[in-house]
Amino acid sequence: MFNHDAVLSAVSPEEAIERVRHAFVEYASGEWTMPPKVYLDAHPAGDFRAMPAMGAGVAILKWVTSFPGNPVDGLPVVMGVICVSSASNGEPLALVDARAITALRTGAVAAVAAQELGPEDARSVGIVGCGFNGAWSARCLAAAEFGPGVCFDLDAEAAGSLAGELGWEAGSLDEALACDVVTCVTPGEEPVVRAAALHPRLHLNMLGADGPGKAEAEIDAVERCRLFCDEWQQASHGGELTGAVEAGVVSRDQVTEPGAVVTGAAAGRGSTDEITLFDSTGLAIQDLALCVAVLEAHRAGTVKAQTVRI
């Protein structure tokens, strides 16, 4: 068993970024496989998600939760475990803490998207939502040499703490949205990005809308952007793009997946002044990439695992 601390000590933000980039390449080339994510509704409290993927000689099944009200009871919103097995004979290899993997790959994908889709000379970063996943997004963007940054959260203490850690500033929502690269990691219960806030050169990473009915941007704002998403089926049915798709203002041919950009099969940003938006719903291939990194770190003796008996 690789617990939370073991995962975060095994894989640095810099390595996570490269591993996630590699995952997009492997998936785009057909080397890695990923069946659709399955949701198990636990209304009104939250939901469970089952996420399988296979590649690099292993298969994983991520069993993870999203229960937004948990912090009131002192519990994380996201909890779960990833089961890792050999793809050649099915032998169970490891259990990995899903919360740590989720945070690290969420941050890594924000950095990859900023590198591929942001303006070439982008430096300033706005973080909207400074909770656990927002903090790791900021750390990964800083590791990718984006910054200085502006951190905004309704919890001013959370924004101040993250800004202090990274040497950034805590500021208002407007100040965060005025940056070159803006990463939103909110619960997605109501829009925080409105059409009036869009400006030339802006790149938006939208990470919070991870299920039906959630959105961090107004439909009018989404419609004005050059659009990218991690995986069309997920994004069009339970991501930031869902509302615009249902309204009939966005269709499949208007949206590019990052694997195509990373491999050179499709263009990314068309001009410096273009406004781009990346909708990340979270992919099992990203979890797979980081689980492989944890296993390799264990084999190299740089991280230890706890032994559990089932």
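All values reported here derive from a predicted model rather than from experimental measurement.
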Undergrad: Quick one: closest heavy-atom pair of Val185 and Ser137, and the distance?
TA: CG2-OG, 4.0 Å
Undergrad: Please say yes or no: joined through hydrophobic side-chain contacts below 4.5 Å, possibly via intermediate residues, are Val182 and Val192 part of one cluster?
TA: yes
Undergrad: Would you say the side-chain atoms of Asp230 pair up with the backbone N or O of Thr281, donor to acceptor, closer than 3.5 Å?
TA: yes
Undergrad: Can you tell me how far the SG atom of Cys184 sits from the CG atom of Leu204, to the nearest 0.5 Å?
TA: 6.0 Å
Undergrad: Do the non-hydrogen side-chain atoms of Leu198 and Val193 ever get within less than 4.5 Å of each other?
TA: yes
Undergrad: Using a strict threshold of under 4.0 Å (side-chain N to carboxylate O), is an ion pair present between Glu120 and Arg269?
TA: no
Undergrad: Val255 and Tyr27: same hydrophobic cluster, using ILVMFWY side-chain contacts below 4.5 Å?
TA: no
Undergrad: Is a side-chain N or O of Asp279 found less than 3.5 angstrom from the main chain of Leu241, in a donor-acceptor match?
TA: yes
Undergrad: Indicate whether any N or O donor in one side chain lies under 3.5 Å from an N or O acceptor in the other, for Asp47 and Ser66.
TA: no
Undergrad: Using a 3.5 Å distance criterion without hydrogens, assess whether the side chain of Asp73 forms a donor-acceptor pair with backbone atoms of Leu75.
TA: no
Undergrad: Hey, what's the ring geometry for Trp63 with Phe48, parallel, tilted or perpendicular (30° and 60° as the breaks)?
TA: parallel
Undergrad: Does Glu240 reach the main-chain N or O of Glu216 with its side chain, forming a donor-acceptor pair under 3.5 Å?
TA: yes
Undergrad: Step through the shown structure and confirm whether more than 12 heavy atoms of other residues, nucleotides or ligands are within 6.0 Å of CE on Met54.
TA: no
Undergrad: Rounded to the nearest 0.5 Å, what separates atom SG in Cys229 from atom CE in Met206?
TA: 13.5 Å
Undergrad: Roughly how far, to the nearest 0.5 Å, is the CD atom of Glu31 from the CD1 atom of Ile285?
TA: 12.5 Å
Undergrad: Kindly work out whether a path of hydrophobic side-chain contacts (I/L/V/M/F/W/Y, heavy atoms less than 4.5 Å apart) joins Phe146 to Phe228.
TA: no
Undergrad: Decide yes or no on side chain to side chain contact (heavy atoms under 4.5 Å, CB included) for Thr106 and Trp136, but give the supporting numbers first.
TA: CA-CA 7 Å; Thr106 298; Trp136 277 100; over 6 Å; no
Undergrad: Go through it in stages, so that I can follow the logic: the residues are Glu231 and Lys37, the test is side chain to side chain contact (heavy atoms under 4.5 Å, CB included), and I'd like the CA-CA distance, side-chain angles, deciding distance and then a yes or no.
TA: CA-CA 11 Å; Glu231 203 275 333; Lys37 181 189 300 186; over 6 Å; no
Undergrad: Salt-bridged, Arg252 to Glu257, with N to O below 4.0 Å?
TA: yes
Undergrad: For residues Pro119 and Asp121, determine if any side-chain heavy atom of one lies less than 4.5 Å from a side-chain heavy atom of the other.
TA: yes
Undergrad: If you look at every heavy atom in Asp153 and Cys130, which pair is closest and at what distance?
TA: OD2-N, 2.6 Å
Undergrad: With a 3.5 Å distance limit and no angle check, can you tell me whether Ser161 reaches the backbone of Ala158 through a side-chain donor-acceptor pair?
TA: no
Undergrad: Got a donor-acceptor contact below 3.5 angstrom from the His199 side chain to the Leu177 backbone?
TA: yes
Undergrad: If you count heavy atoms of other groups shown closer than 6.0 angstrom to CD of Glu169, is the number above 12?
TA: no
Undergrad: Grab the two heavy atoms, one from Pro191 and one from Arg194, that are nearest each other, plus how far apart they are.
TA: O-NH2, 3.5 Å
Undergrad: Looking only at non-hydrogen atoms, find the nearest pair between Ala113 and Phe278 and report the distance.
TA: CB-CD2, 3.5 Å
Undergrad: Taking a hydrophobic cluster as the set of Ile, Leu, Val, Met, Phe, Trp and Tyr residues connected by side-chain heavy atoms closer than 4.5 Å, whether directly or through intermediates, do Phe2 and Ile82 fall within one such cluster?
TA: yes
Undergrad: Do any N or O atoms from the side chain of Thr186 and from the backbone of Gly129 form a donor-acceptor pair under 3.5 angstrom?
TA: no
Undergrad: Looking only at heavy atoms, which two atoms of Ala94 and Leu295 are closest? And how far apart?
TA: CB-CD2, 4.0 Å
Undergrad: Nearest 0.5 angstrom please: Leu202 CG to Ile275 CD1, how far?
TA: 6.0 Å
Undergrad: Nearest 0.5 angstrom please: Arg49 CZ to Asp41 CG, how far?
TA: 10.5 Å
Undergrad: Give a yes or no answer on whether the side chain of Glu91 reaches the backbone of Ser86 with a donor-acceptor pair at less than 3.5 Å.
TA: no
Undergrad: I need the minimum non-hydrogen distance between Gly268 and Leu117, along with the two atoms involved.
TA: CA-CD2, 4.0 Å
Undergrad: Decide yes or no on side chain to side chain contact (heavy atoms under 4.5 Å, CB included) for Met79 and Asn70, but give the supporting numbers first.
TA: CA-CA 10 Å; Met79 293 184 285; Asn70 273 5; 3.6 Å; yes
Undergrad: Does a side-chain N-to-carboxylate-O contact under 4.0 Å join Arg123 and Asp180?
TA: no
Undergrad: Indicate yes or no for a side-chain donor-acceptor contact from Glu223 to the backbone of Val249 under 3.5 Å, with no hydrogens or angles considered.
TA: no
Undergrad: State yes or no: do Val245 and Leu277 share one hydrophobic cluster built from I, L, V, M, F, W and Y residues joined by side-chain heavy-atom distances below 4.5 Å, directly or via other members?
TA: yes
Undergrad: In sequence, state the C-alpha distance, the side-chain angles, and the governing distance for Leu95 and Cys83, and then conclude on side chain to side chain contact (heavy atoms under 4.5 Å, CB included).
TA: CA-CA 5 Å; Leu95 297 175; Cys83 178; 4.1 Å; yes
Undergrad: Side chains of Ser251 and Asp253: is there a donor and an acceptor less than 3.5 Å apart?
TA: yes
Undergrad: Could you tell me the separation between the CZ atom of Arg99 and the OG1 atom of Thr65, rounded to the nearest 0.5 Å?
TA: 10.0 Å
